[in-house]
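Chain letters run A, B, ... following the sequence lines, proteins first and then strands; every chain starts at 1.
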Amino acid sequence: MLELRLVQGSLLKKVLEATRELVNDANFDCSSTGFSLQAMDSSHVALVALLLRSEGFEHYRCDRNLSMGMNLNNMAKMLRCAGNDDIITIKADDGSDTVTFMFESPNQDKIADFEMKLMDIDSEHLGIPDAEYHAIVRMPSTEFARICKDLSSIGDTVVISVTKEGVKFSTAGDIGTANIVCRQNKTVDKPEEATIIEMQEPVSLTFALRYMNSFTKATPLSETVTISLSSELPVVVEYKIADMGYIRFYLAPKIEEDEEDMKH
Amino acid sequence: MLELRLVQGSLLKKVLEATRELVNDANFDCSSTGFSLQAMDSSHVALVALLLRSEGFEHYRCDRNLSMGMNLNNMAKMLRCAGNDDIITIKADDGSDTVTFMFESPNQDKIADFEMKLMDIDSEHLGIPDAEYHAIVRMPSTEFARICKDLSSIGDTVVISVTKEGVKFSTAGDIGTANIVCRQNKTVDKPEEATIIEMQEPVSLTFALRYMNSFTKATPLSETVTISLSSELPVVVEYKIADMGYIRFYLAPKIEEDEEDMKH
Amino acid sequence: MLELRLVQGSLLKKVLEATRELVNDANFDCSSTGFSLQAMDSSHVALVALLLRSEGFEHYRCDRNLSMGMNLNNMAKMLRCAGNDDIITIKADDGSDTVTFMFESPNQDKIADFEMKLMDIDSEHLGIPDAEYHAIVRMPSTEFARICKDLSSIGDTVVISVTKEGVKFSTAGDIGTANIVCRQNKTVDKPEEATIIEMQEPVSLTFALRYMNSFTKATPLSETVTISLSSELPVVVEYKIADMGYIRFYLAPKIEEDEEDMKH
């Protein structure tokens with residue numbers, strides 16, 4: 001038996017909006033430690049990893065490990081029916097082929113049960129090793145989303161270059177080129193407005209903007225985003241989920257040949 | 001000669017938005033008692049009845065009964081040109097084949113006259129007998145609209161079940177099922193936020209969500225909606241129009257065979 | 001070398017949104033006195049003339065006269081990437097085939113360079129003689145925009161008639177007719193809310209609403225619009241750009257035959 005009660009139900013709504021553009025069907029894995037998801041996007045280029053730790057739930061009961069296959073668009077349809085202030089409870093009986101989402105309005109006047117059919121989804125859980133990154137950039141999540149969106153109106157790929165002074169996002173397309181530089185800035189009124197760069201060595205990597213824009217659907221989950229870059233590794237774009245966990249997106253850099261392919 | 005001056009012109013704009021999705025062409029009937037409309041929707045399943053009593057107008061002159069056939073989409077196009085604070089006057093000469101809508105801005109700086117051609121529309125006025133209902137639910141209109149919209153993302157029909165404790169809205173579709181229960185609640189800060197159930201006997205009836213969603217276009221007209229249910233009668237979904245009258249929608253329940261038809 | 005620094009960068013964003021619907025490609029002319037543009041719309045019916053005087057820029061360097069051909073949609077794509085509070089600098093080297101737009105955020109944390117390819121565009125600069133107008137109407141720009149939009153839902157052309165008492169906008173279409181009268185009104189709380197008519201003689205002219213609606217894309221640039229009418233001349237619809245200059249639209253009146261053409 002599974003019963004997970006999340007007072008801040010809107011978090012779960014935002015998680016779905018953050019993932020469903022990348023992933024159609026995925027297994028949610030429930031264990032005593034938390035509620036998690038790991039899935040490749042449908043073109044097998046990007047990886048999304050979600051963790052909501054058990055401590056973040058008001059009530060968390062998971063008698064045995066359970067993997068529930070869900071269609072994320074259908075799940076999002078149901079979660080959109082929850083009010084933003086609703087408490088959401090996820091319930092499943094052992095061996096059942098359905099999951100129930102219960103939405104309670106703050107004053108308990110309105111109680112909704114949405115029951116969704118589960119799916120069998122083949123998936124293998126990839127081990128993601130801890131890694132050392134050449135550069136880690138933390139910046140306001142809305143700023144990062146705005147930059148990815150703006151550059152998309154000019155080109156298809158973004159070059160992210162980190163130096164001690166700042167991080168540069170560049171693109172080129174038929175109508176011209178664009179460079180946006182965000183300077184390191186720790187002296188801001190609110191810590192979440194800071195742009196902070198931890199750099200071991202300069203790095204410059206190229207990524208498809210299409211995926212970056214998908215990742216920024218997670219912007220409502222966190223005021224800051226952390227971008228971890230190494231020349232030999234996929235970039236990690238991470239949004240912390242207040243006190244509960246995170247959603248992380250992994251994307252391999254494009255190598256020169258790839259870039260040429262895209263242009264021609 | 002007809003001259004009806006409505007200080008709160010936005011009411012008429014809202015009435016048009018509430019009806020024009022259901023009804024294309026309809027006769028507006030003017031008499032000494034008020035301005036009214038009764039029309040079947042284009043598939044002859046739902047009925048809409050509107051009444052704006054003469055007392056609600058600042059000035060109301062109707063020398064003889066008049067039935068004016070109007071295309072509601074064209075009428076809505078004209079009324080959308082009225083500002084939300086404008087005073088609207090409806091004018092028609094006896095025997096004329098046009099109607100004039102006059103819009104006056106609050107400071108009288110801007111005066112608009114929109115003249116619309118009338119149509120000949122065959123219609124028979126149905127007598128709607130007063131009836132006893134098994135259950136009458138009064139609830140916030142935005143809540144009802146939200147529920148109809150939410151359930152539409154899951155299924156095509158809604159089962160409305162009333163007991164003393166509350167009213168339950170249920171649906172089922174390919175992706176799963178949904179039940180939303182609103183509990184009776186009279187102890188609210190504002191009377192319009194109450195959910196009040198008057199019940200003679202429990203009732204459970206099935207309706208097409210498509211029509212329910214059309215009815216909820218009247219939500220801007222009133223903060224509350226009243227739903228009157230009896231097993232042998234069409235449901236009545238009523239929105240009161242402040243001090244002036246009402247707009248009522250009638251819809252026959254679906255019987256079992258109908259439901260089966262919809263699934264296959 | 002050209003370097004024009006505009007602290008209120010949003011002005012340039014608004015100028016582009018105001019012109020790009022009418023004109024696809026145009027030459028921006030830079031001289032020591034200012035930054036200007038003059039172009040016919042693509043169907044050669046309307047003319048747009050823009051002037052931003054050099055005094056309005058924080059820094060204005062233009063070593064020699066320069067005409068830069070730009071695709072306005074591409075330029076708008078780039079300018080949309082500027083924040084509304086950004087400082088915009090336009091830069092070009094002599095003989096270069098590109099122009100650079102630099103956007104600086106108010107706190108200087110984010111600096112963007114967008115480089116756009118220039119085009120060769122044939123254009124002849126029309127001399128627009130100063131003229132005497134029969135009637136000049138100054139009114140709130142949002143009011144004029146609302147009227148053009150409203151009338152477009154009824155008809156294709158607008159008749160603008162000016163008398164001492166006011167200005168009347170009329171149209172007719174399949175569903176009926178509309179007349180909107182704005183009375184002269186100088187006694188308002190805020191001067192920009194006034195409707196002021198300077199009239200030598202009454203005038204009544206007909207224009208295509210499609211162009212008028214395009215002109216009103218300039219509404220965000222100014223709280224008032226000035227409409228100058230003479231029976232023998234194109235109308236001038238002018239939006240002042242705070243302390244810097246103006247954007248003016250010229251459109252020839254329709255003559256009777258034209259009107260008949262449009263109906264049949």
Other residues, nucleotides, ligands: >12 heavy atoms within 6.0 Å of B:Glu223 CD: no

Enclosure of B:Lys14 NZ (heavy-atom neighbours >12, cutoff 6.0 Å): yes

Within residues 73-84 of chain B, residues adjacent to chain A where the heavy-atom gap is under 4.5 Å: none

Minimum side-chain heavy-atom gap A:Glu115-B:Asn179 below 4.5 Å: no

More than 12 heavy atoms from other groups under 6.0 Å of NZ on A:Lys217: no

From CG (B:Leu151) to CZ (A:Phe114), nearest 0.5 Å: 5.5 Å

Proximal component of B:Ile154, with respect to chain A [non-hydrogen, under 4.5 Å]: side chain

Separation of B:Asp150 CG from A:Phe103 CZ (nearest 0.5 Å): 8.5 Å

From CD1 (B:Ile180) to CD1 (A:Ile111), nearest 0.5 Å: 11.5 Å

Atom CD of B:Gln38: over 12 foreign heavy atoms under 6.0 Å: yes

Over 12 foreign heavy atoms within 6.0 Å of CG, A:Asp189: no

Side chain proximity check, A:Lys110 to B:Arg146, heavy atoms < 4.5 angstrom: yes

A:Glu143 atom CD: more than 12 heavy-atom contacts under 6.0 Å: yes

Within 6.0 Å of CD in B:Glu232, more than 12 heavy atoms from elsewhere: no

